[in-house]
Amino acid sequence: MIKLTTPLTDEKIKNLKAGDNVLLSGTIYTARDAAHERLVQLLDKGERLPIELKDQIIYYVGPSPAKPGKVIGSAGPTTSYRMDPYAPKLLDAGLKGMIGKGDRGDEVVEAIIKNKGLYFVAIGGVAALLSKSIKKAEVVAYEDLGSEAIRRLKVEDLPLIVAIDSKGNNLYESGRKMYLENRKAKA
Amino acid sequence: MRKKDCKEGVLLGNIIFPSILNMRKIDCNEITKAVKNACMEANYYIPEDVRLVLEKRYGEETWPMAENILERIKENIEIARKEKMPLCQDTGMVSVFVEIGQDVHIVNGNLEEAINEGVRQGYMEGYLRKSVVKDPLNRTNTNDNTPAVINYRIVPGDSFKMIIAPKGFGSENMSRLKMLRPADGVQGVKDFVIKAVEEAGANPCPPIVVGVGIGGTFDKVASLAKKALLRPLSERNEDEFYRRLEDELLQEINQLGIGPQGFGGKTTALAVNIETFPTHIAGLPVAVNINCHVARYKEVEL
Ligand code: SF4
């Protein structure tokens with residue numbers, strides 16, 4: 001297990017490889033479809049964003065409501081490909097990486113390589129477990145979007161897998177390939 | 001007034017009224033309460049049949065990354081159960097399958113409203129995420145997760161059963177339907193199902209459950225595929241031919257190597273359930289409805 005703390009500088013992530021298991025701590029931001037649309041609209045107009053992107057991580061999540069006394073409800077990843085049209089622009093604007101689930105399009109992989117970024121996966125559907133690593137949550141923008149608002153999260157040891165590293169190695173390709181080769185070798 | 005009960009109804013004067021006086025009455029408030037509780041329970045507690053299959057597959061998995069992921073899935077089930085919190089943050093859009101005996105009389109309100117009120121209360125009081133928009137293009141959230149998609153089936157007798165199935169859209173979005181040619185036959189159906197699973201890849205959060213509908217019409221086949229997902233994983237198709245087809249498809253899918261979350265492994269699907277219906281001489285409709293490992297449903301009988 002590799003322990004990492006945000007903000008993620010080039011130095012901290014340069015040795016991470018697709019397939020590495022990581023425990024992430026520090027501050028991260030949440031955003032999904034509607035918030036992405038607004039962020040990119042602001043970028044296109046050259047306006048200031050409500051959050052600082054430099055070396056930051058965006059988690060694609062729309063949590064369930066927090067029960068009284070709790071920080072957050074269940075908070076697992078949503079499918080990332082829906083954010084593919086927006087992700088390259090955010091990476092170009094300084095975003096270091098994203099947390100989601102599912103493979104990314106070529107344009108996102110290219111933007112990751114170009115900006116030395118990365119893409120983490122949190123296991124889809126283990127949202128109760130993932131919420132245990134979230135110690136603080138506050139809405140920082142677009143409150144009107146409800147579960148889709150941008151939240152600042154403080155996380156401790158959030159369990160993640162590096163799916164696409166800064167060189168563009170993709171676990172969605174290599175993981176399955178390695179498994180099949182290994183199976184063939186054993187047969 | 002002369003009044004006499006007879007087998008067919010109640011004789012008032014010489015007019016026979018339907019036997020509403022003898023009909024079983026079910027109160028809308030009771031229905032609302034049942035739906036509300038089922039929405040919460042379905043989202044907190046994994047059905048036992050799904051848990052058992054996950055447990056078994058975990059024991060059989062040999063690829064380290066896959067084992068690791070299945071272990072987390074099992075831990076998540078425990079945490080959700082203990083803390084009464086949703087297994088997944090996508091607490092879904094709710095499908096309700098109502099099986100209503102023709103001798104049942106719903107009283108004290110409107111059945112459809114009673115069901116939607118149950119969803120509303122369940123999603124509010126259960127701290128479940130509201131994921132439904134009022135209009136598919138002008139996307140404003142309804143803020144209470146209504147309406148549910150309700151299917152009714154009228155059956156003989158006076159029973160009243162509901163299956164409440166919240167389903168996330170990571171998997172729903174990966175579902176497919178095609179009107180095959182009769183000449184495409186069994187192989188055509190198999191190819192279509194495998195292709196749907198292959199294209200879905202990691203998006204529906206594998207390990208998945210695959211619901212397959214074959215036959216009927218364009219609309220019928222989609223609901224067959226959904227119905228297939230509501231059959232407990234411990235039950236196979238009653239027909240020997242389709243039972244074999246289920247087994248073959250499951251084996252072929254698990255040969256693909258997609259694995260949990262798409263990172264390789266033998267556990268791509270937990271089960272393949274097929275439901276069929278007679279169809280037209282010129283057609284062979286087939287539909288694939290994919291469910292994630294958080295395969296939620298709750299059956300209630302009033
Ligand atoms: S596909 Fe299922 S497990 Fe995955 S995020 Fe959606 S509801 Fe959750």
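Chain letters run A, B, ... following the sequence lines, proteins first, then strands; residues in each count from 1. A quick note: this is a predicted structure, and the numbers were derived from the prediction, not measured.
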Under a 4.5 Å cutoff for heavy-atom pairs, which residue among B/Gly257, B/Pro206, B/Ala202 has the most contacts with chain A? B/Gly257
Assess, by modelled atom type and distance only, whether the side chains of B/Gln121 and B/Asp144 contain a donor and an acceptor separated by less than 3.5 Å. no
B/Lys190 atom NZ: more than 12 heavy-atom contacts under 6.0 Å: yes
Assess whether side-chain contact (heavy atoms from CB on, under 4.5 Å) is satisfied between A/Tyr81 and B/Asn173, documenting all intermediate values. CA-CA 12 Å; A/Tyr81 75 86; B/Asn173 281 340; 4.2 Å; yes
Portion of B/Tyr44 that has a non-hydrogen atom of chain A nearer than 4.5 angstrom: side chain
Is a side-chain N or O of A/Thr30 found less than 3.5 angstrom from the main chain of A/Arg151, in a donor-acceptor match? yes
Under a 4.5 Å cutoff for heavy-atom pairs, which residue among A/Gly19, A/Ser74, A/Gly175, A/Ala34 has the most contacts with chain B? A/Ser74
Take A/Lys132 and B/Glu83 through the salt bridge (Lys or Arg N to Asp or Glu O under 4.0 Å) test and state the conclusion after the steps. CA-CA 11 Å; A/Lys132 296 279 136 199; B/Glu83 308 219 355; 2.8 Å; yes
Counting heavy-atom pairs under 4.5 angstrom with chain B, the leader among A/Leu130, A/Val61, A/Thr78, A/Asn182 is A/Asn182
Is chain B contacted by the side chain of A/Leu145, its backbone, both, or neither, given a heavy-atom distance below 4.5 Å? neither
Could you go step by step and tell me if B/Arg57 and B/Glu61 meet the salt bridge (Lys or Arg N to Asp or Glu O under 4.0 Å) rule? CA-CA 6 Å; B/Arg57 293 306 166 77; B/Glu61 187 56 78; over 6 Å; no
Between B/Lys195 and B/Glu198, is there a salt bridge with N-O shorter than 4.0 Å? no
Given that the side chain runs from C-beta out, which part of A/Ala66 has a heavy atom under 4.5 Å from chain B: side chain, backbone, both or neither? backbone
So what's closer than 4.5 Å to chain B heavy atoms on A/Ser131: side chain, backbone, both or neither? side chain
So which of B/Val294, B/Asp90, B/Asn141, B/Ile258 has the biggest tally of heavy-atom pairs under 4.5 Å with chain A? B/Ile258
Chain A contact via B/Ile73 - side chain, backbone, both or neither, heavy atoms under 4.5 Å: both
Using a 4.5 Å cut-off on heavy atoms from C-beta on, say whether the side chain of B/Thr146 contacts that of B/Tyr123. no
B/Gln187 and B/Asp191: side-chain donor and acceptor closer than 3.5 Å? yes
Heavy-atom contact with chain A under 4.5 Å, split by part of B/Met174: side chain
Partner chain A: residue of B/Arg139, B/Lys130, B/Lys84 with the largest heavy-atom pair count (under 4.5 Å): B/Lys84
Let me know if A/Lys177 has heavy atoms under 4.5 Å from chain B in its side chain, its backbone, both or neither. neither
Could you look at B/Met65 and say if it's the side chain, the backbone, both or neither that has a heavy atom under 4.5 Å from chain A? side chain
A/Tyr59-A/Tyr29 aromatic ring centre distance below 6.0 Å: no
Exercise: do A/Thr9 and A/Asp55 side chains pair donor with acceptor under 3.5 Å: no
A/Leu129 vs B/Glu78, test: side-chain contact (heavy atoms from CB on, under 4.5 Å). Steps then yes/no. CA-CA 9 Å; A/Leu129 177 138; B/Glu78 281 310 302; over 6 Å; no
By residue number, those in residues 95-126 of chain A with heavy atoms under 4.5 Å from heavy atoms of chain B are A/Lys101, A/Gly102, A/Asp103, A/Val121, A/Ala122, A/Ile123, A/Gly124, A/Gly125, A/Val126
Which of the residues B/Cys292, B/Gly265, B/Cys88, B/Gly262 is involved in the greatest number of heavy-atom pairs with chain A at under 4.5 angstrom? B/Gly265
For A/Tyr60 and A/His36: C-alpha separation, side-chain torsions, deciding distance, then whether side-chain contact (heavy atoms from CB on, under 4.5 Å) applies. CA-CA 10 Å; A/Tyr60 300 149; A/His36 272 78; 3.4 Å; yes
For chain A, which candidate among B/Glu75, B/Lys266, B/Gln255 shows the most heavy-atom pairs at distances under 4.5 Å? B/Gln255
So for B/Leu256, is it side chain, backbone, both, or neither that comes closer than 4.5 Å to the heavy atoms of chain A? both
What's the spacing between B/His293 NE2 and B/Ser171 OG if we round to 0.5 Å? 9.5 Å
Residue A/Leu180 versus chain B: region with a heavy atom under 4.5 Å: side chain
